[in-house]
Amino acid sequence: MAGEAKVAFDIFSNLRWREQMSLPRLWTRSQELTPEAFRAMRREMASAFRALDQNSSSPDIGAGAPAIGVAETNDALEVTAELPGVDEKDIKVSLDGNQLIISGEKKAESTKEEKYWHVEERSYGSFYRSMFLPFEPEDGAVDAHFDKGVLHLTIKKPAKAIKTTKTINIKTGAAPSKAA
């Protein structure tokens with residue numbers, strides 16, 4: 001038993017094994033930074049992020065959330081949603097109070113031709129995006145158009161939500177004093 005413990009101790013005390021298993025040192029014995037240590041650490045971090053990125057795509061995730069843009073004019077909100085490869089009939093736009101909901105499904109293309117794919121970076125499945133509007137739109141206030149993979153929504157503001165600018169007159173002289 002003592003012989004087995006000594007063999008195990010010899011393995012762990014082996015300097016070459018410890019050097020292979022340790023992270024790069026950032027400091028030398030003289031406490032100066034070494035550029036090579038930073039390069040080694042950068043390579044290791046890049047490798048770790050690459051491994052995470054490669055494993056992030058999953059067929060269970062679906063099409064996710066489409067990229068959107070929101071702009072405001074004096075009398076409306078304009079929302080665009082990028083939906084490349086989605087058919088118009090597979091898109092649903094709805095309002096729940098002041099919540100705008102864009103949802104649908106991007107269907108997978110089926111081909112009868114057999115191919116040996118090396119890389120396929122397309123997403124299929126359902127997508128969903130919602131946002132709260134700063135007002136509740138009136139009936140018929142939403143206009144929707146779909147062109148070249150982009151959904152364009154124009155949401156008219158109700159009269160009470162349209163901001164009006166008021167000009168305040170400035171008087172000259174000292175402000176009136178408050179009597180105590």
Side-chain angles (χ1 to χ4, degrees), residues 23 26 38-172 175-176 178:
L23 294 174
L26 296 178
F38 283 112
R39 278 192 284 274
M41 186 169 51
R42 192 174 311 142
R43 278 192 306 270
E44 291 298 320
M45 289 176 67
S47 176
F49 284 121
R50 250 190 322 275
L52 285 173
D53 192 36
Q54 288 173 351
N55 294 330
S56 67
S57 61
S58 169
D60 298 334
I61 292 175
I68 63 166
V70 180
E72 184 175 4
T73 63
N74 288 336
D75 58 346
L77 283 178
E78 296 173 356
V79 178
T80 57
E82 295 181 10
L83 301 167
V86 178
D87 288 332
E88 181 180 341
K89 66 182 184 335
D90 296 327
I91 302 170
K92 181 181 176 189
V93 178
S94 60
L95 282 170
D96 184 8
N98 70 330
Q99 184 180 19
L100 173 68
I101 301 166
I102 303 169
S103 60
E105 184 177 5
K106 182 176 180 183
K107 296 183 178 171
E109 300 171 6
S110 61
T111 59
K112 297 182 188 222
E113 181 182 337
E114 289 293 322
K115 295 181 183 179
Y116 295 103
W117 289 98
H118 293 281
V119 176
E120 185 177 16
E121 296 182 341
R122 293 186 180 152
S123 58
Y124 301 104
S126 62
F127 58 86
Y128 179 89
R129 192 73 193 255
S130 71
M131 69 178 74
F132 286 98
L133 304 173
F135 54 86
E136 188 170 332
E138 297 172 353
D139 290 339
V142 180
D143 189 31
H145 295 279
F146 189 64
D147 184 38
K148 297 179 183 171
V150 180
L151 176 66
H152 299 270
L153 301 173
T154 303
I155 307 163
K156 295 177 187 163
K157 295 179 184 177
K160 64 181 179 182
I162 296 175
K163 296 179 182 176
T164 56
T165 305
K166 296 180 182 178
T167 303
I168 309 297
N169 292 328
I170 301 173
K171 300 173 187 166
T172 57
K178 293 183 181 181

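If you read the sequence from its start, that first residue is 1, and numbering goes on from there. As the structure is a computational prediction, the values presented were derived from the model and not from experiment.
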Practice task
Identify the two heavy atoms, one from Arg129 and one from Ala65, that lie closest to each other, and give their separation to 0.1 Å.
Solution key: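 Minimum heavy-atom separation between Arg129 and Ala65: CD-CB, 3.9 Å.
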
Problem - Considering all heavy atoms, the nearest Pro137-Gly97 contact - result: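 Pro137 and Gly97 have their closest heavy atoms at CD-O, 3.8 Å.
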
Exercise for the section: If a pair satisfies salt bridge (Lys or Arg N to Asp or Glu O under 4.0 Å) and one of its residues is in residues 88-101, list it, with sequence neighbours excluded. Expected result: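 Found Asp87-Lys89, Asp90-Lys107.
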
Problem - More than 12 heavy atoms from other groups under 6.0 Å of CD on Gln99 - result: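 Yes, CD of Gln99 has more than 12 neighbouring heavy atoms, counting only those of other groups under 6.0 Å.
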
Practice task
Check whether any side-chain heavy atom of Leu77 sits under 4.5 Å from a side-chain heavy atom of Pro134, and report yes or no.
Solution key: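 The answer is yes; the side chains approach within 4.5 Å.
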
State the [atom1]-[atom2] distance between [X] and [Y], to the nearest 0.5 angstrom.
| X | Y | atom1 | atom2 | result |
| --- | --- | --- | --- | --- |
| Lys171 | Asn169 | NZ | CG | 8.0 Å |
| Ile102 | Leu151 | CD1 | CG | 5.5 Å |
| Leu95 | Ile101 | CG | CD1 | 8.0 Å |
| Leu83 | Ile91 | CG | CD1 | 5.0 Å |

Exercise for the section: Using modelled atom types only, decide if a donor and an acceptor are shared between the side chain of Asn98 and the backbone of Phe135 within a distance under 3.5 Å. Expected result: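 Flag not set: sc Asn98 to bb Phe135 has no pair under 3.5 Å.
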
Handout entry: side chain to side chain contact (heavy atoms under 4.5 Å, CB included) partner of Leu153, the single match among Thr80, Val70, Val79
Key =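 The side chain to side chain contact (heavy atoms under 4.5 Å, CB included) with Leu153 is passed solely by Val79 among Thr80, Val70, Val79.
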
Handout entry: side chain to side chain donor-acceptor pair (under 3.5 Å) partners of residues 144-156, not counting sequence neighbours, each pair once
Key =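 Listed by first then second residue: Asp143-His145.
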
Practice task
Would you list the pairs meeting side chain to side chain donor-acceptor pair (under 3.5 Å) in which at least one residue belongs to residues 65-74, sequence neighbours left out?
Solution key: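 Qualifying pairs, neighbours excluded: Glu72-Lys157, Thr73-Asp75.
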
Problem - Test side-chain contact (heavy atoms from CB on, under 4.5 Å) applied to Arg42 - qualifying residues, sequence neighbours left out - result: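 side-chain contact (heavy atoms from CB on, under 4.5 Å) check on Arg42 returns nothing, list empty.
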
